[in-house]
A.B. asks: 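One structure is given below, represented as structure tokens, and several questions about it will come after.
Order of the sequence lines fixes the chain letters, A, B, ..., with proteins taken first and strands second; residue numbering starts at 1 for each chain.
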Amino acid sequence: MSRHGIDVAPLVNAELHSELSAFLAYESELVDSRRFHEWVMIVDPSFTYRVPVPLTPDNPSKNGYDDSAFVIDESRQTLIDHWFVRFEPEMWEMAWAENPPVRYRHFVTNVRVRETEVTDVYDVRSNVMVSAARQSSPTSTLHAERFDVVAREEDGLRLRSRFVVTDESVLDFVQLRVVF
Amino acid sequence: MRLVREESDRFVVSRRAWFDAAVLERERDTIFRQAWLFLGHESEIPEPGDYVTRRLGFDPVILVRGEDGEVNVVANTCRHRGVKLCRSDRGNSSHFRCPYHGWTYSSAGELTGVTNVLDLFGRDFDKSHFPLYQPAQVDSVYGLIFATWDPDAPTLEQYLGPALWYLGSIFGAFDDGVEVLGFPARTIVGTNWKPESENVGGDGYHTPITHQSAFALGMFAGPQDLEKMGKVTGKTYTGRVVDATNGHTFRVHHLPVENELPTFFGLPENLWPEMSRNLDRGQTDVQDRLSLIHGNVFPNMTLLNNYKISTEARGSACRYFRVTTQHPISPDRNEMLWWCFVPKATDHAWRQQSQRAYLRTSGPAGLFQIDDNENFTGFADAHSGTVLLDENVELEGVNNSTVNTDLGWPGTVYDADKSEETIRAFWRRWSEYVDGVGEAVLPPFEPAPAEVAR
């Protein structure tokens, strides 16, 4: 799934750019404030979320990741069934790593929105810095480029997929179980 | 003072064993120089010139497939002025050229080129005197590459002892062998390098507590799942722990079901006949109706061959093969490498399901792993001071379990699902290296006074 060679489409106009940027900011707000019931409402049922294994390649023309191996590979349903459920009243007391919760903060910048060959489906890329504060430990941060597909449905925008390429090849992040 | 002390019904380990910087230096100079250490798998470098960079103990090395097809392990440093040769994590190259002055080495580590050799070093310069440094011994089993810096170390086969048989039960079952899926992930975990090994080495005691949420999510086969898998023989799984000598340990967990022929649940059924053929009777018994086998090859290689339910959709089931290594950075930080293995003769769909089962449970962001990490990092958090370093950790749990001699599995097999037998075995071996008893070569360890520790 090389991400190279599909950059030819021009960036969309300011109005669309603004709308998609606001969508990303809203999506981050829901993750950072752990409003997962609302988050799943703006995520397509076919959603896939993948973080490939980052590495330093031997050639500047190669990707800095291996997409035959992953750090995270989830669907909307598995995020609901295995991730978000651990914050529910019946489970948080036994979900040790979620309690006390790590405090995540997304900083989303450099949003680039492009049309795709399918009407109302957008190729949306952004840079993120995500910080994580666990208990009293110093904050750790992770830097990445996100490759999202966002589609316009009758009742609003939906996140269809997210592919996250981290800059750090050795992931020094306090708790990786987060939607970057 | 010995850090590991065993007296009649007491087994204690000083907390300095994890969080005193002087102990880490001691480990660096004993364990990580003398033990055989896991580096990677042959399938990571299939073609001549393929290489990956790793650490052997604390020192950087390159694993490279030579032109002759042999796997070589060479130190990642130029013989001339010591600069790192290989700066990427993996690649393919017919040779290694130092970016400083251009000394060039073959994939077997021979010095083949020296820039301006006549002007700088004269006519008599003999390149054959300057090959890349290499570990004292390199060997492999089932394609798993190990090396040691110690020329006096026993052979790998001797070092592994009975553990080799258990490795065979996991990696030796398939006609076409196993291979690694992609490049191993690497993560930093904020704790000492040993808790992962102590835990995966055989701690069945923590599972119902730490992983209570995984039970609630239906990831362990329950009565309804078992009914479909054969004749249900009881309500509880059968767990056994193994002291495989030399500090190597395993835990084997079986589903309470019975069938006429061996069943290797979670693996493609077309592989079952060859598994029975390739495994000996005892190994077949290990793999038959397997819930999981996990273990630790001393010091820092953990193995996890796991059957899990509901990792894809409710009721779905799959097996995965995880290997990790833990590399110390400081007393309270380590770097983990994560490999996912698959039988070579599996299709893309099965591999994807298996990798997902691994990632979602025991991968770097898996729900078992993050709950484990909460304990391991909490252990480090609790030792920011010096007073508590002088206290002990208690490891007496179940020290009277029955030794099972009927099964015929090698090593000492205990009929105990939840015990600290394997953790004590790890620490006994560790003590031989670090406390300076047994085979260790240094004088007994004397911890630093409290005020200068850390």
A.B. asks: Side chain, backbone, both or neither: which part of A/S140 has an atom under 4.5 Å from a heavy atom of chain B?
C.D. replies: neither

A.B. asks: Side chain to side chain contact (heavy atoms under 4.5 Å, CB included) for B/I370 and A/E98? Distances and angles first, verdict last.
C.D. replies: CA-CA 9 Å; B/I370 60 164; A/E98 324 292 10; 3.7 Å; yes

A.B. asks: With a cut-off of 6.0 Å (strictly less than), are more than 12 heavy atoms of other residues, nucleotides or ligands near NE2 of A/H37?
C.D. replies: no

A.B. asks: Examine whether an atom of B/Q369 lies under 4.5 Å from a heavy atom of chain A, and if so say whether it belongs to the side chain, the backbone or both; otherwise answer neither.
C.D. replies: neither

A.B. asks: Could you tell me which portion of B/Q212 (side chain, backbone, both or neither) has an atom closer than 4.5 angstrom to a non-hydrogen atom of chain A?
C.D. replies: both

A.B. asks: Measure distances from B/M336 to the heavy atoms of chain A and classify the residue's part below 4.5 Å as side chain, backbone, both or neither.
C.D. replies: neither

A.B. asks: Chain A heavy atoms under 4.5 Å from B/L359: which part of the residue, side chain, backbone, both or neither?
C.D. replies: side chain

A.B. asks: Do you know which of A/V174, A/I72, A/V71 has the most heavy-atom pairs under 4.5 Å to chain B?
C.D. replies: A/V71

A.B. asks: Just wondering, are more than 12 heavy atoms of other shown residues or ligands nearer than 6.0 Å to CH2 in A/W39?
C.D. replies: yes

A.B. asks: Non-hydrogen atoms of chain B under 4.5 Å away: do they reach the side chain of A/E90, the backbone, both or neither?
C.D. replies: neither

A.B. asks: Is B/R351 atom CZ crowded by more than 12 heavy atoms from other residues, nucleotides or ligands, each under 6.0 Å away?
C.D. replies: yes

A.B. asks: Taking atom CZ of B/R87 as the centre, does the number of heavy atoms from other residues, nucleotides or ligands within less than 6.0 Å exceed 12?
C.D. replies: no

A.B. asks: For chain B, find which of A/F70, A/W92, A/F173 contributes the most heavy-atom pairs closer than 4.5 angstrom.
C.D. replies: A/F70

A.B. asks: Backbone N or O of B/S310 within a donor-acceptor pair of the A/H82 side chain at under 3.5 Å?
C.D. replies: yes

A.B. asks: Return the CH2 to CG distance between A/W83 and B/L367, rounded to the nearest 0.5 Å.
C.D. replies: 10.5 Å

A.B. asks: Among B/G91, B/S93, B/S213, which has the most heavy-atom pairs under 4.5 Å with chain A?
C.D. replies: B/S213

A.B. asks: Top residue by heavy-atom pair count (under 4.5 Å) with chain B, among A/D66, A/N59, A/V51?
C.D. replies: A/D66

A.B. asks: Nearest 0.5 angstrom please: A/Q175 CD to B/T187 OG1, how far?
C.D. replies: 12.0 Å

A.B. asks: To the nearest 0.5 angstrom, please state how far the OG atom of A/S68 sits from the CD atom of B/Q355.
C.D. replies: 7.5 Å

A.B. asks: Check each atom of B/I209 against the heavy atoms of chain A and say whether the ones under 4.5 Å are side chain, backbone, both or neither.
C.D. replies: both

A.B. asks: Less than 4.5 Å to any heavy atom of chain A: does that hold for the side chain of B/D371, its backbone, both, or neither?
C.D. replies: both

A.B. asks: Could you give me the CA-CA distance, side-chain angles and deciding distance for A/T78 and B/R356, then say whether side-chain hydrogen bond (donor to acceptor under 3.5 Å, both in side chains) is met?
C.D. replies: CA-CA 10 Å; A/T78 57; B/R356 284 175 176 164; over 6 Å; no

A.B. asks: How long is the span from the CD atom in B/Q353 to the CG atom in A/D73, to the nearest 0.5 Å?
C.D. replies: 11.5 Å

A.B. asks: Could you look at A/P54 and say if it's the side chain, the backbone, both or neither that has a heavy atom under 4.5 Å from chain B?
C.D. replies: backbone

A.B. asks: Between A/D81 and B/R314 (salt bridge meaning N to carboxylate O under 4.0 Å), is one present in this structure?
C.D. replies: no

A.B. asks: Surrounding CZ of A/R34 (heavy atoms of other residues, nucleotides or ligands, distance under 6.0 Å), is the total greater than 12?
C.D. replies: yes

A.B. asks: Taking all heavy atoms of A/A69 and all of B/G182, pick out the closest pair and write down the distance.
C.D. replies: CB-CA, 3.9 Å

A.B. asks: Please report the interatomic distance CZ(A/R134) to CD(B/E374), rounded to the nearest 0.5 Å.
C.D. replies: 4.5 Å

A.B. asks: Does atom CZ of A/F84 have more than 12 heavy-atom neighbours, drawn from other residues, nucleotides or ligands, at distances under 6.0 Å?
C.D. replies: yes

A.B. asks: Could you tell me which non-hydrogen atom of A/M91 sits nearest to which non-hydrogen atom of B/A216, and how far apart they are?
C.D. replies: CE-CB, 3.6 Å

A.B. asks: Tell me, out of A/V53, A/V85, A/D172, who's got the most heavy-atom pairs with chain B below 4.5 Å.
C.D. replies: A/D172

A.B. asks: Go through the atoms of A/Q77 and report whether side chain, backbone, both or neither lie under 4.5 Å from a heavy atom of chain B.
C.D. replies: neither

A.B. asks: Side chains of A/S169 and B/D89, heavy atoms from C-beta outward: is any pair under 4.5 Å?
C.D. replies: yes

A.B. asks: Answer with side chain, backbone, both or neither: which region of A/V178 has an atom nearer than 4.5 Å to a non-hydrogen atom of chain B?
C.D. replies: neither

A.B. asks: Quick one: OG on A/S136 to CG on B/D381, what's the gap to the nearest 0.5 Å?
C.D. replies: 8.5 Å

A.B. asks: Output the option from B/D372, B/T53, B/T311 having the highest count of non-hydrogen pairs under 4.5 Å with chain A.
C.D. replies: B/T311

